Structure formats: structure tokens, C-alpha cells
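Below: one structure, written as C-alpha cells.
Keep in mind the model is a prediction, meaning the values are calculated, not measured. When reading the values below, keep in mind they use all heavy atoms of this one structure, side chains included, and skip hydrogens, waters and symmetry mates. Sequential numbering from 1 along the given sequence is applied to the chain's residues.
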Amino acid sequence: MSTYVLVHGSWHSGESWKRVVPLLTAAGHRVFAPSLTGHGDKIHLLGPDVGLDTHVADVVRLISDEDLTDVVLVGHSYAGLVVTSVINEIPERIKHLVYLDAMVPENGESVVDIIPTAQFLIDQAAGTDAPWRIPPLPEMPPPAGLFGVTDPEDQAWLRTILSDDPIGCLQQPVRLDNPATTAIPRTHIHCAVGAPPTRRPVAPFQPNGDPAQVWELPTGHDCMITMPAELSDLLLKLA
């Protein structure tokens with residue numbers, strides 16, 4: 001039995017994994033899919049003091065409080081920054097790190113450093129009554145859709161779990177200066193449909209010296225909604 005911790009991206013909640021969790025559980029594994037502070041069942045905690053550091057603490061606390069070890073830690077999208085800082089704090093508890101169509105930061109980088117166009121969202125919010133709140137991205141024409149989701153019923157459900165993000169998620173930097181993190185194996189899963197042109201290339205070798213492991217799913221960004229079975233099959237390879 002392995003333990004999976006699935007961390008959602010910006011504007012989403014732990015509910016975004018609802019189609020993946022039962023598939024991993026049915027295979028005999030423990031699965032945790034928490035909502036980060038300000039989202040899902042913690043939406044009432046959203047405030048201007050919430051940011052990346054808060055979300056890192058959320059995940060570290062979960063893993064520590066549940067005394068989880070040999071964790072397959074999965075970060076989707078923005079949560080690439082979250083899980084990177086998590087391994088910096090508790091590398092001894094992580095078995096494998098998965099960047100799921102995620103931002104892959106270097107030490108000291110923020111979302112704005114990785115995707116400079118995110119500054120536009122900050123500038124837009126600055127002219128509102130709540131300049132610290134960043135609303136979800138709007139639906140785009142296919143194939144981009146709503147975070148890569150194009151099915152109308154799936155889009156309608158997705159809208160029910162989306163909520164604003166605090167500005168600190170875009171501005172606070174990652175911490176990745178613990179030498180012990182280099183031993184942790186890493187896998188990158190890319191969503192091929194509507195892939196951002198700004199995606200950074202994956203280095204040919206992992207920090208531990210192993211060849212890079214990069215997998216691809218022929219779907220949009222929110223693959224846990226559009227291809228849950230296929231995503232689960234890939235994650236089960238890491239058990």
C-alpha cells in the first residue's frame with residue numbers, strides 16, 4: 001500500500017480530485033486530497049494574509065499530523081510551487097514527487113517569476129475593492145475551455161468548486177535549499193491539449209542523477225476531471 005497526497009492548483013479545491021481518489025483507493029492505497037486554506041471546506045479562511053506559505057504549511061501539517069511516510073506527493077498547476085516547498089521541509093517523508101501539468105520552480109521563485117503574465121492578474125485586482133483577491137480565469141474558446149475542461153456538464157460542476165485566490169499565492173517565493181531534496185525521484189506529467197508555450201523544458205536528468213521521467217496525457221489542463229482513469233493508471237505506476 002502506498003500513500004498519495006494530491007494537491008490542487010489555483011482557484012480549485014480538493015473536490016477536483018473526486019474522480020481520481022476512488023480509483024487509487026480501489027487499488028488498495030491511502031489517498032488524501034485536502035483543500036488548501038481559502039478553498040473548498042476552508043473557503044471561510046480566505047484572507048489577505050493567506051499565500052503560498054500558508055498552503056505549504058497546510059500540506060506539511062497534514063503529512064505530519066497523519067504521520068505519513070513514503071508519500072507520493074502530487075502537485076497540480078500552481079501546486080508545483082507548494083509541493084516543492086513541502087519537500088524542502090520534510091524530504092524524509094516523501095517517496096516520489098509528481099509535477100502534474102505544474103509549474104516547476106527554482107529556489108526563490110514565485111508564480112510571477114515563472115509566468116510573468118500573472119502580473120496582469122495582480123494589476124487587474126489592484127483597481128478593485130479587494131486588491132488581494134484574484135478571481136478564477138475565465139472560460140476560453142476550445143480547446144482551452146475552462147482550465148482545459150470543455151464538456152458543458154463538467155464545466156458547470158467545475159464552476160461550483162472554483163473560488164478566488166489570494167495575491168500571496170502569486171508573489172511568495174518557493175524555498176528549495178535543502179540538499180536532502182535531491183534524492184527524491186520526480187515525474188512530470190504534461191497535458192498536451194492547450195499546452196502553454198511558456199512551459200519550461202524538463203532537464204534531461206533528475207537532481208538524483210536518474211534520467212528524466214516525463215509522461216503525457218492527450219487532454220487539457222484539468223486532467224483529473226477529463227481523464228481520471230488514465231491519470232490514475234499513471235500514478236499507480238509510482239506506487
Fill in: Within-4.5 Å side-chain heavy-atom neighbours: His39 and Glu15
no

Discussion item. Could you work out, with ring-ring contact (aromatic ring centres under 6.0 Å, His included) as the rule, every residue matching Trp132, not counting sequence neighbours?
Written reply: none

Item to complete: Compare all side-chain heavy atoms of Tyr78 with those of Leu170 and state whether any distance is below 4.5 angstrom.
Response: no

Discussion item. Between Ile114 and Leu81, is there a side-chain heavy-atom distance shorter than 4.5 Å?
Written reply: yes

Discussion item. Does anything in residues 226-239 form a side-chain hydrogen bond (donor to acceptor under 3.5 Å, both in side chains)? List the pairs, not counting sequence neighbours.
Written reply: Thr219-Thr226

Worksheet item: For Ala33, what residues pass the side chain to side chain contact (heavy atoms under 4.5 Å, CB included) criterion, not counting sequence neighbours?
Response: Leu6, Trp17, Val21

Practice prompt. Please name all residues satisfying salt bridge (Lys or Arg N to Asp or Glu O under 4.0 Å) with Glu216, sequence neighbours left out, ordered by chain then number.
Written response: none

Discussion item. So, using ring-ring contact (aromatic ring centres under 6.0 Å, His included) as the criterion, who are the partners of Phe147 when residues are at least two apart?
Written reply: Trp11, His12

Item to complete: For Gly51 and Gln172, work out which heavy atoms get closest and say how close.
Response: C-OE1, 3.4 Å

Would you be so kind as to tabulate the donor-acceptor pairs closer than 3.5 Å made by side chains of residues 183-191, with sequence neighbours excluded?
from   : atom 1 : to     : atom 2 : distance (Å)
Arg186 : NE     : Ile184 : O      : 3.2
Arg186 : NH2    : Thr181 : O      : 2.7
Thr187 : OG1    : His96  : NE2    : 2.7
Thr187 : OG1    : Gln213 : NE2    : 2.7

Worksheet entry | Residues that Glu106 engages under salt bridge (Lys or Arg N to Asp or Glu O under 4.0 Å), provided they are two or more places apart | none

Worksheet item: Can you say whether the rings of Tyr4 and His29 are parallel (under 30°), tilted (30 to 60°) or perpendicular (over 60°)?
Response: perpendicular

Practice prompt. If a pair satisfies ring-ring contact (aromatic ring centres under 6.0 Å, His included) and one of its residues is in residues 110-129, list it, with sequence neighbours excluded.
Written response: none

Discussion item. Surrounding CD of Glu92 (heavy atoms of other residues, nucleotides or ligands, distance under 6.0 Å), is the total greater than 12?
Written reply: yes

Worksheet item: Which residues pass the side chain to side chain donor-acceptor pair (under 3.5 Å) test with His8, sequence neighbours left out?
Response: none

Worksheet item: How would you list, by chain and number, every residue that makes a salt bridge (Lys or Arg N to Asp or Glu O under 4.0 Å) with Asp67, sequence neighbours excluded?
Response: Arg93

Worksheet item: What's in the same ILVMFWY side-chain cluster as Val214, cut-off under 4.5 Å, chained through other members?
Response: Val202

Response to the item:
Those residues at least two apart in sequence (or on a different chain) that pass salt bridge (Lys or Arg N to Asp or Glu O under 4.0 Å) with Asp53 are Arg175

